[in-house]
Enquirer: 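Sending over a structure as structure tokens; questions will come in a sec.
In what follows, chains carry the letters A, B, and so on, assigned in the order in which the sequence lines appear, proteins first and then strands, with residues in each chain numbered from 1.
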Amino acid sequence: MPKIKYTLEKKEKDTKARLGKLKTNYGTFDTPMFMPVGTKATVKGVSPEELKEAHSGIVLANTYHLWLRPGEDLIAKAGGLHKFMNYDGPILTDSGGFQVFSLAKNKDKDIVEEGVHFKSHLDGSSLFLTPELSIEIQNKLDSDIAMSFDECPPYPVSYDYMKESVDRTLRWAKRGKEVHNNPNQALFGIVQGGEFQDLREYSCKETVKMDFDGYSIGGTSVGESKPVMYKMIEDGVRYLPEDKVRYLMGVGDPIDIIEGVIRGIDIFDCVLPTRIARHGQAFTRQGKITLKNAKFKEDFTPLEEGCDCYACKHYTKAYIRHLILADEMFGGRLLSIHNIRFLTRLTEDLRQAIKEDKLLEYRENFLKEYQGEKEKISR
RNA sequence: GCGGCGUUGGUGAAGUGGUUAACACGCUGGUUUGUGGCACCAGUAUGCAUGAGUUCGAUCCUCAUACGCCGCC
């Protein structure tokens, strides 16, 4: 019984886009797919039922956060992550590698060959995370897909450092793969290499040699420009096998998702839909809107005409604006539900466009509407 | 009617005889990409109740007026 099975169904005519299916023990979903982020075993403010209603095919949870609280042993005792959080769909766990990068601001991290020393964001205590420990934790969490523990270097970084880092990530991937022992869980490798084409190629080829169940592109959206990021994706994907699923980590906004799909990405995750929701913003076909803006004060229409999400079916902009201004948590919930649905619908549309070999046309129309009169992104 | 105190932006307020009137909230924009952080950034009183005076210069000193609160007849 394979842990997951990716089936490539079609390749788009003019681009590298792919249409596929990913089968897991907890269900099958179509790709390209957007994956909401549920860091602490919950997509902030959104119930599992609401996730399904928003057509979310898979969610991401985080090894680092669950390791600190409530601890992987407790979750194992509860019967694993699915049972613990009452979510019976596919779950992917991030390895904690990104947290080492994002917590780097506190300058308390120390990356050594063995692993990474850093300080807990909860109580400041000293922590030591290694590739083996990350995989062991993920084994216990019992997610459907585990991620290798990688180093996510900041941007920019010197070529020499990046080379060193890529080699270390490769060694860490190997060490993690050796201790991985959950028969129900797939393990993905991560391609790094920053903006250096030859390092991306090297990282990609070496990672593929280890034969993971799927591959992801890491080290993007860490401060680089859009053109650089798109190049990173192209370089990262170029030598990946066609019969394995590809996941672009941490991306992104609607435009980035389209650009990623065009370059051959199958799965995306991003905190944007839920974070901007809590800050009072919504994705719409006409671009991102800020509900706090005074112009929505008496706007009694839904966030987006024709949207089939729970928020749009029952509530108006004026009401949601009121909730956000009054600091009522229901406002953030409604916006989260809408934003997740917006991105899952975007991937549905992209799948349809791939089916019809009209992806480039779809992108053009989308950009025209989404960016309006604003200048097109520099590329 | 007499006496005392007070009157600073949308709100609560700080403050000084001398370049840009503190801070907070609110308001108006913006940011957010493998989520520590419903967070962060920026803008928001050409004017300090009104009028006159003292002064090189007044929101700050003096006088008058208006309004408010408190006390007395």
Side-chain angles (χ1 to χ4, degrees), chain A residues 34-45 58-69 92-106 108 118-125 127 134 138 143 145-153 155 188 190-192 216-226 228-230 232-233 247-257 259-260 265 267-281 283 287-297 321 323-336 339 343:
Chain A
F34 174 76
M35 170 168 64
V37 176
T39 301
K40 296 184 270 194
T42 172
V43 175
K44 294 185 192 301
I58 173 170
V59 302
L60 178 149
N62 200 290
T63 299
Y64 165 74
H65 300 264
L66 296 175
W67 174 43
L68 295 191
R69 187 168 59 188
L92 178 149
T93 41
D94 189 17
S95 66
F98 186 76
Q99 274 57 53
V100 174
F101 158 78
S102 68
L103 297 173
K105 297 170 215 160
N106 64 23
D108 281 330
F118 60 115
K119 296 250 196 279
S120 161
H121 72 277
L122 294 178
D123 61 7
S125 59
L127 301 170
S134 172
Q138 295 184 74
S143 55
I145 299 170
M147 298 303 300
S148 291
F149 185 69
D150 64 333
E151 179 185 352
C152 180
Y155 179 88
F188 281 18
I190 303 177
V191 177
Q192 289 287 351
S216 66
I217 310 299
T220 58
S221 59
V222 289
E224 78 282 11
S225 68
K226 297 252 182 192
V228 169
M229 179 171 87
Y230 299 152
M232 285 179 177
I233 299 169
Y247 158 37
L248 177 58
M249 308 187 80
V251 175
D253 68 37
I255 294 170
D256 294 341
I257 288 175
E259 297 295 340
I265 298 295
I267 303 175
F268 302 82
D269 83 277
C270 192
V271 304
L272 231 35
T274 42
R275 179 182 289 162
I276 68 171
R278 276 175 282 121
H279 297 166
Q281 297 179 309
F283 289 129
K288 192 177 66 181
I289 61 173
T290 300
L291 274 299
K292 286 185 182 180
N293 288 0
K295 63 180 168 187
F296 298 119
K297 188 173 183 181
R321 176 174 195 272
L323 295 180
I324 293 295
L325 291 180
D327 204 21
E328 283 293 338
M329 54 189 175
F330 192 43
R333 268 173 44 65
L334 288 174
L335 287 172
S336 293
N339 286 343
L343 292 181

Enquirer: Using a 4.0 Å heavy-atom cut-off across all strands, classify A:Ile190 as base, sugar-phosphate, or nothing.
Expert: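 Base contact.
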
Enquirer: With a non-hydrogen cut-off below 4.0 angstrom, is A:Asp269 in contact with a base, only sugar-phosphate, or nothing?
Expert: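 Here A:Asp269 touches the backbone only, sparing every base.
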
Enquirer: What is the separation between atom CZ on A:Phe101 and atom P on B:G36, rounded to the nearest whole Å?
Expert: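 Result: 10 Å.
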
Enquirer: For A:Glu151, what residues pass the salt bridge (charged side-chain N to carboxylate O under 4.0 Å, His left out) criterion, not counting sequence neighbours?
Expert: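 With sequence neighbours excluded, A:Glu151 shows a salt bridge (charged side-chain N to carboxylate O under 4.0 Å, His left out) to A:Arg168, given in chain and number order.
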
Enquirer: Mind checking side chain to side chain contact (heavy atoms under 4.5 Å, CB included) for A:Ser225 and listing every partner two or more places apart, or none if nothing turns up?
Expert: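 Counting only residues at least two positions away or on another chain, A:Ser225 forms a side chain to side chain contact (heavy atoms under 4.5 Å, CB included) with A:Pro227, A:Val228.
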
Enquirer: Taking the same atom, P, in B:G30 and in B:A22, what whole-Å distance lies between them?
Expert: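 That atom pair is separated by 26 Å.
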
Enquirer: Base, sugar-phosphate, or nothing for A:Leu60, non-hydrogen atoms under 4.0 angstrom?
Expert: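 Sugar-phosphate only.
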
Enquirer: Quick one: A:Lys288 NZ to B:G30 P, roughly how many Å, whole number?
Expert: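 The answer, rounded to whole Å, is 8 Å.
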
Enquirer: Using the C1' atom as the point on both nucleotides, what is the distance between B:C23 and B:A13, in whole Å?
Expert: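 My reading of the C1' atoms in B:A13 and B:C23 gives 9 Å.
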
Enquirer: Taking the P atom in each of B:G10 and B:C70, what is the distance between them to the nearest angstrom?
Expert: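 Nearest-Å result for B:G10 against B:C70 at atom P: 26 Å.
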
Enquirer: Distance check, rounded to the nearest 0.5 Å: A:His121 atom NE2 versus A:Leu127 atom CG?
Expert: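 Going from the NE2 atom of A:His121 to the CG atom of A:Leu127 covers 10.0 Å.
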
Enquirer: Got a list of protein N/O to nucleotides 10-12 of chain B N/O distances below 3.5 Å?
Expert:
none

Enquirer: Run the side chain to side chain contact (heavy atoms under 4.5 Å, CB included) test against A:Ala294 and tell me which residues pass, sequence neighbours left out.
Expert: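 Once residues adjacent in sequence are excluded, the partners of A:Ala294 under the side chain to side chain contact (heavy atoms under 4.5 Å, CB included) criterion are A:Arg321.
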
Enquirer: How would you label the contact of A:Thr274 with the nucleic acid (heavy atoms, under 4.0 Å): base, sugar-phosphate, or nothing?
Expert: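 Base contact.
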
Enquirer: Produce the list of close N/O pairs, under 3.5 Å, pairing protein atoms with atoms of nucleotides 26-29 of chain B; give distances to one decimal.
Expert:
| unit_1 | atom_1 | unit_2 | atom_2 | d |
| --- | --- | --- | --- | --- |
| B:U28 | OP1 | A:Arg321 | NH2 | 3.3 |
| B:G29 | OP1 | A:Ala294 | N | 3.0 |
| B:G29 | OP2 | A:Asn293 | OD1 | 3.2 |

Enquirer: Run the side chain to side chain donor-acceptor pair (under 3.5 Å) test against A:Asp269 and tell me which residues pass, sequence neighbours left out.
Expert: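 Result, side chain to side chain donor-acceptor pair (under 3.5 Å) vs A:Asp269: A:Tyr247.
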
Enquirer: Taking atom P in both B:U19 and B:A24, what distance in whole Å separates the two?
Expert: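 To the nearest whole Å, 22 Å.
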
Enquirer: B:U35, OP1 or OP2 - any side-chain N/O from A:Gln99 closer than 4.0 Å?
Expert: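 So the side-chain polar atoms of A:Gln99 do come within 4.0 Å of the phosphate oxygens OP1 or OP2 of B:U35, strictly under.
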
Enquirer: When the P atoms of B:C40 and B:A66 are considered, how many whole Å apart are they?
Expert: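 Going atom to atom, P in each nucleotide, I get 49 Å.
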
Enquirer: B:A39 phosphate, OP1 or OP2: any side-chain N/O from A:Arg278 under 4.0 angstrom?
Expert: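 Result: no.
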
Enquirer: State whether A:Ser102 places a side-chain N or O below 4.0 Å from either non-bridging phosphate oxygen (OP1 or OP2) of B:G36.
Expert: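 For B:G36, OP1 or OP2 has a side-chain N or O of A:Ser102 closer than 4.0 Å.
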
Enquirer: Taking all atoms of both residues into account, what is the closest heavy-atom pair of A:Leu343 and A:Pro254, and its distance?
Expert: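 Reported closest heavy-atom pair: CD2-CG, 4.0 Å.
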
Enquirer: Should A:Thr39 be listed as having a side-chain N or O under 4.0 Å from OP1 or OP2 of B:U35?
Expert: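 Checking B:U35 against A:Thr39, a side-chain N or O does come within under 4.0 Å of OP1 or OP2.
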
Enquirer: Rounded to the nearest Å, what distance is computed from the CG atom of residue A:Leu66 to the P atom of nucleotide B:U35?
Expert: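 After rounding, the gap between these two atoms is 11 Å.
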
Enquirer: How far, in whole Å, is B:G36 from B:U28 if one measures between their C1' atoms?
Expert: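 It works out to 30 Å between them.
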
Enquirer: A:Asp256: what forms a salt bridge (charged side-chain N to carboxylate O under 4.0 Å, His left out) with it, not counting sequence neighbours?
Expert: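 Checked A:Asp256 against salt bridge (charged side-chain N to carboxylate O under 4.0 Å, His left out); matches are A:Lys226.
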
Enquirer: Measure from CG on A:Leu291 to C1' on B:G30 and round the result to the nearest Å.
Expert: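 Going from A:Leu291 (CG) to B:G30 (C1'), I get 15 Å.
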
Enquirer: In whole angstrom, what separates A:Asp327's CG from B:C38's C1'?
Expert: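 Result: 6 Å.
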
Enquirer: Roughly, in whole Å, what's the span from NZ in A:Lys226 to C1' in B:U31?
Expert: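 Interatomic distance, NZ of A:Lys226 to C1' of B:U31: 13 Å.
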
Enquirer: Looking at residues at least two apart in the chain, or sitting in another chain, which of them share a side chain to side chain donor-acceptor pair (under 3.5 Å) with A:Arg333?
Expert: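 Per chain and number, A:Arg333 pairs via side chain to side chain donor-acceptor pair (under 3.5 Å) with A:Glu50.
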
Enquirer: In this structure, which stretches of RNA chain B are paired as stems of three or more consecutive Watson-Crick or G-U pairs, both distances less than 3.5 Å?
Expert: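 Correct response: B:1-7 with B:66-72, B:10-12 with B:23-25, B:26-31 with B:39-44, B:49-53 with B:61-65.
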
Enquirer: Nearest whole Å is fine: how far is B:U33 P from A:Glu224 CD?
Expert: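 The distance from CD of A:Glu224 to P of B:U33 comes to 11 Å, rounded to the nearest Å.
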
Enquirer: Which residues pass the ring-ring contact (aromatic ring centres under 6.0 Å, His included) test with A:Phe268, not counting sequence neighbours?
Expert: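 ring-ring contact (aromatic ring centres under 6.0 Å, His included) check on A:Phe268 returns nothing, list empty.
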
Enquirer: Checking all strands, does A:Gly124 fall into the base, sugar-phosphate, or nothing category for heavy-atom contacts under 4.0 angstrom?
Expert: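 Nothing, no nucleic acid heavy atom in range.
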
Enquirer: With stacking defined as ring centroids separated by under 5.5 Å and planes differing by under 30°, is A:His279 stacked against B:A39?
Expert: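 Stacking between A:His279 and B:A39: present.
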
Enquirer: Looking only at heavy atoms, what is the nearest atom pair of A:Lys292 and A:His279, with distance?
Expert: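 In this case the closest contact between A:Lys292 and A:His279 is CE-O, 4.3 Å.
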
Enquirer: Residues two or more places apart in sequence or in another chain: which of them pass side chain to side chain donor-acceptor pair (under 3.5 Å) with A:Asp123?
Expert: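 Counting only residues at least two positions away or on another chain, A:Asp123 forms a side chain to side chain donor-acceptor pair (under 3.5 Å) with A:Ser120, A:Ser125.
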
Enquirer: For B:U59 and B:C48, measure between their C1' atoms and round to the nearest Å.
Expert: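 Looking at atom C1' only, B:U59 and B:C48 are 4 Å apart.
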
Enquirer: Expressed in angstrom and rounded to an integer, what is the separation of A:Arg275 atom CZ from B:U35 atom P?
Expert: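 It is 9 Å, rounded to the nearest whole Å.
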
Enquirer: For A:Asn339, which residues count as a side chain to side chain donor-acceptor pair (under 3.5 Å) partner, sequence neighbours excluded?
Expert: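 Residues passing side chain to side chain donor-acceptor pair (under 3.5 Å) with A:Asn339: none at all.
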
Enquirer: First locate atom CZ of A:Phe188, then atom CD1 of A:Ile267, and finally report the distance between them rounded to the nearest 0.5 Å.
Expert: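 With rounding to 0.5 Å, CZ (A:Phe188) is 5.5 Å from CD1 (A:Ile267).
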
Enquirer: In whole Å, what separates the C1' atom of B:C5 from that of B:G9?
Expert: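 Roughly 24 Å separates the two C1' atoms.
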
Enquirer: With a 4.5 Å cut-off on side-chain heavy atoms, are A:Phe34 and A:Cys270 touching?
Expert: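 Result yes, sub-4.5 Å side-chain heavy-atom pair found.
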
